[in-house]
Amino acid sequence: MSDLLHIVKGLSAQPKCVLVLGARTEAMLNWLLSLTASQVLLVEPEPAMFEKANALHIAKGKPDNVAIMHGVPIFESEQKTVSYFASNVPGFSSILPPNVIKSIRPALEFTEQEAPVIELKPLLQQFDISESRPCLLITQLNGGELQCVNKQIVNAFTHVVIQSASKPIFGESKPVEKLKKELAECGRDYLELAESMPPYSNFVATKKVNAEQALNYFNQRQQHREIKAELESQLSASQNDAKKLAEELQQAKQQLQSAKQEAEGKQKQLGEELQQAKQQLQSAKQEAEGKQKQLGDELLQVKEQLQNAKQQSEEKQKQLEDELTQSKEQLQIVQKHAEDSLKQLQEEMQHTIQKLSEERAQEHHWHNEHKKWAESLNREKEELANRLSESQSEKEVLAAEIEKIRQRETKLTSSVEVNAKLILKMQLDSDDLRTKYVQKTQSEKELRQLIGELHSKLQQAANFYHQLENKHPEILLGSDNID
């Protein structure tokens, strides 16, 4: 809703006749059609708004107190038609060519067309518009108000509300300055109220009205609208809170019902668990007795096996010690042989390296004259390299034999360790059997204690549930009694 519509709705006197020059918005049309106690005359120059006004008028049943005319309002004119600049957006058309409006709203497009002229002077007499009774004039013509407003028009209405602009939005002149001058010449006090859509302003002129009181009245109307909006928001918030409380109450009922069902289920579950625990205790007792006999027999067998394994391990240990001493002697012999061969190869290598260095020095000096000799030296060099590679391969073979002897030694030592571990494992197994037997007897005692504690806890849970039913009988009565 525009500020101008707020202003005309806030006027203290109910007008007998309302003359509107340009409705501009659909909200204005709805308000005009709601005035059943006033004579309403709408002069609409804009074709789109005129069609919309006619459609609403027909939808309301064509009330007799409302008359709608299409044309450009002018106080007096000899012309039957005038040029009119129609906008692609309703509310922005004018009799004047667009100017500043193009920079404010660059998306607007205007089409110049011919529109009929409607003279206002005969309408004053036709609808009995005079200062003798409350009459209201509303103009929203985008600069065209200067063609309508003069001393005779202003004096014919008790209330005048004009929307104008401080900038030349349409045309070349500033309509506000001429409007202020016209109102001053008519001797009318007026209020200039800023519109929410600058640079528009609303001018309100009434007869025998204190301007300051009128301004205070419009400010109070604005405060009342703000208070109303705040109260409406509080009402919606309270309604939302009430809905939330109802939902929470429903959830609480459902939770109480589910808690009751869960308590009954847990009671049954505890009874079943107690019965299962008794059966498990009986079967564990029988199983423990059987295992006790079995462990006694296994213990005797393990002792016999341990004795036999001990004797076998002692014999194998002696045999392994003898083999270990022999392998160590063989390893020492192989190591000495390998060291001798390695020293011999190193001496040969050093000798060949020295010989090669001398030959290279001579070859560098006699290179151009002794090519054949160089080739023979290269051949000798290749033979020496082959011998060196053969010596390295022999070295690798010796190293592989040494590695095999070491692996055999490690296998012998690992077999000795395995036998020792077997003896130790047998001893540990016998000790483990003893500890398992002690643990079985201890677990039997703990199961008996656990069953006793479970029985006492079940008794406490039954007492607590009985007390809960006595304190809160609504659990038994159901969710209807909770309401």
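- Between Val72 and Ala115, the shortest heavy-atom distance links the atoms CG2-CB, 3.7 Å.
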Please determine whether side-chain contact (heavy atoms from CB on, under 4.5 Å) holds for the pair Gln39 and Phe127, giving the CA-CA distance in whole Å, both sets of side-chain angles, and the decisive distance to 0.1 Å. CA-CA 8 Å; Gln39 183 70 30; Phe127 289 92; 3.8 Å; yes

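- Closest heavy-atom contact between Ile7 and Val204: CG2-CG2, 3.6 Å.
- Atom CG of Asp64 sits in a sparse spot, with 12 or fewer heavy atoms from other residues, nucleotides or ligands closer than 6.0 Å.
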All N/O donor-acceptor pairs, side-chain side in residues 41-63, below 3.5 Å, sequence neighbours left out:
{"from": "Glu44", "atom 1": "OE1", "to": "Ala23", "atom 2": "N", "distance (Å)": "2.8"}
{"from": "Glu44", "atom 1": "OE2", "to": "Glu46", "atom 2": "N", "distance (Å)": "3.2"}
{"from": "Glu46", "atom 1": "OE1", "to": "Gly91", "atom 2": "N", "distance (Å)": "3.0"}
{"from": "Glu46", "atom 1": "OE2", "to": "Gly91", "atom 2": "N", "distance (Å)": "3.2"}
{"from": "Glu46", "atom 1": "OE2", "to": "Ser93", "atom 2": "OG", "distance (Å)": "3.1"}
{"from": "His57", "atom 1": "NE2", "to": "Pro63", "atom 2": "O", "distance (Å)": "3.3"}

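- Between Lys266 and Glu262 there is a salt bridge, since a side-chain N of the basic residue sits under 4.0 Å from a carboxylate O of the acidic one.
- By the 4.5 Å heavy-atom criterion applied to side chains, Leu422 and Leu424 are not counted as neighbours.
- Put simply, CZ on Phe464 and NZ on Lys457 are 15.0 Å apart, with the number rounded to the nearest 0.5 Å.
- Scanning both residues, Pro168 and Val100, for their nearest heavy atoms gives O-CG2, 3.2 Å.
- Remark: Glu192 engages Lys180 in a salt bridge, criterion side-chain N to carboxylate O under 4.0 Å.
- The minimum heavy-atom distance linking Leu179 with Leu146 is given by the pair N-CD2, 4.3 Å.
- Residues Glu145 and Ser164 form a side-chain contact, since some pair of their non-hydrogen atoms from C-beta on lies under 4.5 Å apart.
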Hey, mind stepping through Ile153 and Leu137 against side-chain contact (heavy atoms from CB on, under 4.5 Å) and telling me if it holds? CA-CA 9 Å; Ile153 285 288; Leu137 172 65; 3.6 Å; yes

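- In summary, the side chains of Ser201 and Gln163 do not present any donor paired with an acceptor at a separation below 3.5 Å, with no hydrogens or angles considered.
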Using the rule given for side-chain contact (heavy atoms from CB on, under 4.5 Å), can you reason through Leu123 versus Ile129, listing the C-alpha separation, both sets of side-chain angles and the distance that settles it, and then say yes or no? CA-CA 8 Å; Leu123 294 179; Ile129 298 173; 5.7 Å; no

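- Of all non-hydrogen atoms in Ala165 and Val176, the two that sit nearest each other are O-CG2, 2.6 Å.
- Identified under the ring-ring contact (aromatic ring centres under 6.0 Å, His included) test for residues 21-49, with sequence neighbours left out: none.
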Please evaluate residues Glu109 and Ser87 with respect to the criterion side chain to side chain donor-acceptor pair (under 3.5 Å), reporting the C-alpha separation (whole Å), side-chain torsions for both, the decisive distance (0.1 Å), and the verdict. CA-CA 6 Å; Glu109 296 179 359; Ser87 172; over 6 Å; no

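- Counting all heavy atoms, side chain and backbone alike, Leu141 lies closest to Cys148 at CD1-SG, 3.8 Å.
- For Arg24 and Phe92, the positive end sits near the middle of the six-membered ring, less than 6.0 Å away and at most 45° from its axis.
- Atom CD of Gln79 sits in a sparse spot, with 12 or fewer heavy atoms from other residues, nucleotides or ligands closer than 6.0 Å.
- No salt bridge links Glu177 with Lys181; every basic N to acidic carboxylate O contact stays at or beyond 4.0 Å.
- Under the 4.5 Å side-chain criterion, counting only non-hydrogen atoms from C-beta, Tyr84 is not in contact with Glu114.
- Few gaps surround CD on Gln126; more than 12 heavy atoms of other groups in view lie less than 6.0 Å from it.
- Using modelled atom types, no side-chain atom of Ser38 and backbone atom of Val40 make a donor-acceptor pair closer than 3.5 Å.
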